[in-house]
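One structure is given here, and the rest of the page talks about it.
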Amino acid sequence: MRVLIAPDKFAGTLSAVEAAAAIEEGWRRRDPEAEVLVAPMADGGPGFIDVLSAVVDGTLLSVTVRGPLGADTPATVLVAGETAYVETAQACGLHLVEPADRRPEDGTTYGVGQLIAAAVDAGAKRIILGLGGSGTNDAGAGLLAALGATAVDGDLAAGAAGLAELTAVDLEPALTRVAGIEFVAASDVENPMLGLRGATNVFGTQKGLTDERKPAVDGWLTKFAELAGRKTADQKGAGAAGGLGYALLLLGAERVSGIDLVAELTGLKEKAAQVDLVLSGEGAFDFQSRDGKVIAGVAKVANDAMRPCVVLAGKVLIGAREMRTMGVESAYSLVDAVGEAQAFADPHGSLATVAERVAKTWAR
């Protein structure tokens with residue numbers, strides 16, 4: 001039996017690399033002679049560098065940057081020749097702030113700009129940034145400030161609240177700082193930055209913004225866009241990562257699919273063609289899994305190779321009909337198998353247990 005294991009992270013419990021190891025462990029308990037290929041995945045959010053550092057021949061550059069609320073935060077840039085890879089969540093991720101301490105109106109992407117500056121100083125001519133999992137909603141103003149952009153009657157580095165009274169923005173110092181650099185924004189979010197489908201109204205709640213505050217915050221971002229470049233705010237992907245996509249588009253970034261980029265770099269298509277079964281997984285297999293997320297991407301690759309795709313997830317919140325439209329043959333839930341308390345207390349062991357059960361059904 002030949003098996004490809006290509007999971008996403010199980011948010012809050014296991015990284016994609018750890019999840020892949022747990023699935024392999026459980027599968028081998030039942031089928032020790034199996035030929036197993038492992039390809040941990042990411043869609044641009046947390047885990048992006050962890051996954052790519054295993055397959056890209058490069059050097060990890062350690063950097064200390066400003067976190068979303070100003071605290072010094074350790075981060076890494078993966079440098080491979082003249083290409084650098086940046087995981088923006090390392091500098092502005094939601095996971096960096098405890099739920100009780102979240103202040104989305106004050107969160108800044110300044111640290112992301114510091115990561116870009118570090119990559120440029122390391123000699124990068126092409127910077128690929130994974131977008132996702134952000135806890136900020138500042139339209140990337142902080143990123144631009146870290147690269148030298150300035151403002152009048154406002155503070156670009158003070159989060160969305162710093163944009164409230166803006167009267168002028170000068171992006172020229174930032175554009176000069178990164179002149180000649182090619183930017184690639186790896187994200188599957190296609191939302192514009194403003195309005196009902198924009199960053200604030202669609203993604204603000206998960207970052208701690210109340211419905212009552214959304215109109216004001218969206219208004220601040222609108223003011224910033226009117227000064228920095230209104231048309232760019234309407235482009236696909238401008239609303240990614242709390243408007244971080246907007247700032248990168250202002251710098252001339254090309255937007256690509258995060259999961260497609262990672263799949264290409266990990267050789268997922270070639271691996272899928274060599275196996276009998278593809279296994280993927282994530283913390284919650286739900287309707288959001290359809291929209292450019294890891295499972296949807298892995299299932300598509302598996303289907304293109306005419307291989308069945310099976311999902312292992314912390315929770316399965318999608319029906320059989322919906323999962324089959326994604327190309328997923330079957331899905332198994334850790335919570336259903338071992339109970340929620342056990343799944344969170346021992347995520348590795350629980351995932352291995354479920355993988356062993358999957359092998360009992362699918363191994364030949």
Side-chain angles (χ1 to χ4, degrees), residues 6-11 15-17 19-20 39-56 58 75-78 80 83-95 109 112 115-116 119 126-136 140 143 182-193 199 202-203 206 235-249 251 253-269 272 280-286 288-302 304 326:
D8 194 358
K9 65 186 177 301
F10 281 57
S15 69
V17 173
M41 301 300 293
D43 58 12
F48 185 67
I49 293 296
D50 189 29
V51 167
L52 293 186
S53 62
V55 295
V56 173
T76 53
V77 177
L78 177 60
T83 298
Y85 300 88
V86 169
E87 179 183 313
T88 61
Q90 290 189 357
C92 67
L94 188 63
H95 68 284
T109 54
V112 180
L115 288 175
I116 290 173
R126 183 171 186 251
I127 303 177
I128 299 174
L129 301 101
L131 277 62
S134 74
T136 52
L143 177 159
E182 176 187 354
F183 288 97
V184 177
S187 169
D188 294 284
V189 171
E190 295 190 346
N191 301 65
M193 187 172 72
V202 176
F203 305 110
Q206 66 194 44
Q235 292 184 23
K236 285 186 177 181
L244 191 55
Y246 171 70
L248 293 172
L249 289 170
L251 297 179
E254 172 193 6
R255 188 179 67 87
V256 302
S257 163
I259 180 58
D260 287 353
L261 173 73
V262 175
E264 179 181 352
L265 290 170
T266 57
L268 189 69
K269 180 178 179 180
S280 191
E282 65 177 341
F285 183 31
D286 55 23
Q288 292 187 31
S289 303
R290 302 175 300 176
D291 300 325
K293 301 298 185 180
V294 164
I295 287 181
V298 172
K300 182 180 184 304
V301 170
D304 288 346
M326 293 172 56

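These numbers come from a predicted model, not from an experiment.
Here the rule is side-chain contact (heavy atoms from CB on, under 4.5 Å) with Tyr85, and of Val56, Leu129, Val184 only Val56 fits it.
The minimum heavy-atom distance between Ala247 and Leu143, with the atom names listed, is CB-CD2, 4.4 Å. Scanning both residues, Ala42 and Val294, for their nearest heavy atoms gives C-CG2, 3.7 Å. Shown here for Ala199 and Gly239, the closest heavy-atom pair between the two residues is CB-O, 3.4 Å. Nearest approach of Ala20 to Pro7, heavy atoms of both residues: N-CG, 3.6 Å. Nearest heavy atoms, Pro46 versus Glu87: CA-OE2, 3.4 Å. Across all their heavy atoms, Leu244 and Cys92 have their closest contact at CD2-SG, 4.4 Å.
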(request) Quick one: do Glu264 and Asp260 satisfy side-chain contact (heavy atoms from CB on, under 4.5 Å)? Show the steps, please. (result) CA-CA 6 Å; Glu264 179 181 352; Asp260 287 353; over 6 Å; no
(message) Show, in sequence, the C-alpha distance, side-chain angles and deciding distance for Val86 and Phe183, and conclude whether the side-chain contact (heavy atoms from CB on, under 4.5 Å) test is met.
(response) CA-CA 11 Å; Val86 169; Phe183 288 97; over 6 Å; no
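With sequence neighbours left out, the side-chain contact (heavy atoms from CB on, under 4.5 Å) criterion links Thr266 to Met41, Val51, Val55, Val262, Leu268. With sequence neighbours excluded, the residues satisfying side-chain hydrogen bond (donor to acceptor under 3.5 Å, both in side chains) with Thr109 are Asp138. Legend: residues meeting side-chain contact (heavy atoms from CB on, under 4.5 Å) with Ala91, ordered by chain and number and at least two apart, are Val65, Val112, Leu115.
Judged by distance alone, the side chain of Ser134 and the main-chain N or O of Gly93 form no donor-acceptor pair under 3.5 Å. Between the side chain of Gln90 and the backbone N or O of Ala75, no donor-acceptor pair lies under 3.5 Å. Judged purely by atom type and a 3.5 angstrom limit, Glu282 has no side-chain atom pairing as donor or acceptor with the backbone of Asp8. Between the side chain of Asp188 and the backbone N or O of Gly258, at least one donor-acceptor pair lies under 3.5 Å.
To the nearest 0.5 Å, atoms CD1 (Ile128) and CG (Leu265) are separated by 6.5 Å.
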